[in-house]
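Step one of this worksheet: look at the structure below.
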2 protein chains.
Amino acid sequence: MKNVEFPDPTIERLCCYRRILSALLAAGHARVYSHELAAAQRVTPAQVRRDVMLIGYSGSPVKGYDIAGLLDRIGEILDPPGGVGVVLVGVGYLGRALLAYFAGRKSPIPVVAAFDVAPETSGQLIHGCHCYHIDELSSFLSRRSILVGIVAVPAEAAQKTARELIDGGVRALLNFAPVQLDVPQNVYVENVDIAVSLEKTAFFAQSMSLEKED
Amino acid sequence: MKNVEFPDPTIERLCCYRRILSALLAAGHARVYSHELAAAQRVTPAQVRRDVMLIGYSGSPVKGYDIAGLLDRIGEILDPPGGVGVVLVGVGYLGRALLAYFAGRKSPIPVVAAFDVAPETSGQLIHGCHCYHIDELSSFLSRRSILVGIVAVPAEAAQKTARELIDGGVRALLNFAPVQLDVPQNVYVENVDIAVSLEKTAFFAQSMSLEKED
DNA sequence: AGATGTGAAATTCTTCACAGCG
DNA sequence: CGCTGTGAAGAATTTCACATCT
């Protein structure tokens, strides 16, 4: 119940810190200062320190933060104890792009199965992920513990897909369909709305070009 | 200069309102109340009224907001006067998915050209969009007025791509690569980080399942 | 009665600024 | 010194609550 202890923006930044810390570690560094971590993102050093404080980690004023230790602590926060199972529904262009994306990087969160209405995708192995017909979704979910569902189906099918995933026990949805999903309040929905992102970008392109400079 | 008059979250909601209003209009409705528009999103009626107030529109207490009028006003805010040109760089899985996505819907913001390093994509027409070799990007940008660039290349190539787009006059980037782009301060960057979104979703899946319910 | 428009309060998030430490 | 940890201030957003109109 106290997992509301971390504000949403902090969680997002933790994901980003982790990426940077991993890269630093791989590059042979052992320690970082808050200002270095801040510079790699678009955040202030104070923000970094506050986030680190929130997750109950601490560094040393003389040497900064221990990268490996901080990574571990972030992992403790972000990574579910038993791992979350993730399934993808919708193996169209976007679904395939997502599979390629997650297969490419040694993702900490692998997609364990994909589902689609198209009969020809059934049985295929796409970017290392097994594909099944959507009719098999329910029974699959009942057999495996899956906490996250990715909705990459057309808008018209999104609500129905969400319903099936939730009925199957999924607790959170990553939704790429341009509709507001109607879900119970105990289900989290993260919307990735590409059309909105593009419109927003276009708006700011316009307003940026009106500014004097900088 | 005074386009900083609209806060970022409001712009995002305006995009969503527009989508819903269009659907309502298409369904034959002429007017909406703030609580109806609010219910379609996950926002409060007060939020809707505040947003509408910010863009200088007003409805009538007795009939609510005129859908067509509100749509026009939102369009005046969001849509650049001369239209923004948009180019896509990176025609891999994700790039193709984006082209399909924007081709499918009668998008208000069409992608006018796509670029990739792979020679075999050059000259192709993918989902209605002409593809060129990346080497042609600069000269293309110098010939057309393009304000927005979509970065859908691998992480390693993202910074270089951003640089070329910006040198070509682009004022805003929609970045799908999992890196923080280093850009001048007069260039807006909207990051869509799918890996972060998934990690965040996984985190909340975990914390949701710990809550009592609702 | 039920909706809008809007000051003012509340909340959430970010930044400041400085004590304290090695 | 320069950096961390953090209370306190500040900014940005959201929500409340109510006057007002029809």
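Just so it is clear: chains get the letters A, B, ... in the order the sequence lines come, proteins before strands, and each one is counted from 1. Just so it is clear, the model here is predicted, and its values are computed rather than measured.
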For this session: Under the side chain to side chain contact (heavy atoms under 4.5 Å, CB included) rule, what do K200(A) and D8(B) come out as? Steps first, then yes or no, please.
Result: CA-CA 8 Å; K200(A) 201 175 136 190; D8(B) 190 293; 3.2 Å; yes

Exercise. Can you check side chain to side chain contact (heavy atoms under 4.5 Å, CB included) on D116(B) and V89(B), steps first, answer last?
Worked result: CA-CA 6 Å; D116(B) 199 283; V89(B) 183; over 6 Å; no

Problem set entry | From dG5(D), dT14(C), dT6(C), nucleotide with atom closest to R50(B) side chain | dT6(C)

For this session: For R49(B) and dG2(C), give me the distance from atom CZ to atom C1', rounded to whole Å.
Result: 11 Å

Problem set entry | side chain to side chain contact (heavy atoms under 4.5 Å, CB included) assessment of F204(A) paired with I11(B) | CA-CA 9 Å; F204(A) 285 110; I11(B) 294 300; 4.2 Å; yes

Problem set entry | D72(A)/R18(A) ion pair, N-O < 4.0 Å | no

Exercise. Rounded to the Å, how far apart are I11(B) CD1 and dT14(D) P?
Worked result: 12 Å

For this session: For E12(B) and dT13(D), give me the distance from atom CD to atom P, rounded to whole Å.
Result: 11 Å

Problem set entry | Validation row, ring centre Y93(A) to ring centre Y93(B) under 6.0 Å | no

Problem set entry | Side-chain (R73(A)) to main-chain (I55(A)) donor-acceptor, under 3.5 angstrom | yes

For this session: Might you work through the side chain to side chain contact (heavy atoms under 4.5 Å, CB included) test for K63(B) and S60(B), ending with a clear yes or no?
Result: CA-CA 5 Å; K63(B) 308 279 286 179; S60(B) 111; 3.6 Å; yes

Problem set entry | Heavy-atom pair with the smallest gap, counting every atom of V187(A) and V183(A) | O-CG2, 3.8 Å

Problem set entry | Rounded distance in Å - CD (E5(B)) to P (dT13(D)) | 14 Å

Problem set entry | Whether T10(B) side chain and F6(B) backbone form a donor-acceptor pair below 3.5 Å | no

Exercise. Under 4.0 Å between a side-chain N or O of Q47(B) and OP1 or OP2 of dT13(D)?
Worked result: no

Problem set entry | Strand-adjacent residues in residues 60-70 of chain A, judged by heavy atoms under 4.0 Å from DNA chain D | S60(A), P61(A), G64(A), Y65(A)

Exercise. Would you say the ring centroid of F203(B) lies under 6.0 angstrom from that of Y188(A)?
Worked result: no

Exercise. Is the side chain of R96(B) donor-acceptor paired with the backbone N or O of V91(B) at a distance under 3.5 Å, no angle test?
Worked result: yes

For this session: Strictly below 4.0 Å, heavy-atom distances to any atom of DNA chain C: list the hits from residues 51-59 of chain B, or just say none.
Result: M53(B), S58(B), G59(B)

Exercise. Among residues 30-45 of chain A, which residues get a heavy atom nearer than 4.0 Å to DNA chain D?
Worked result: Y33(A), S34(A), H35(A)

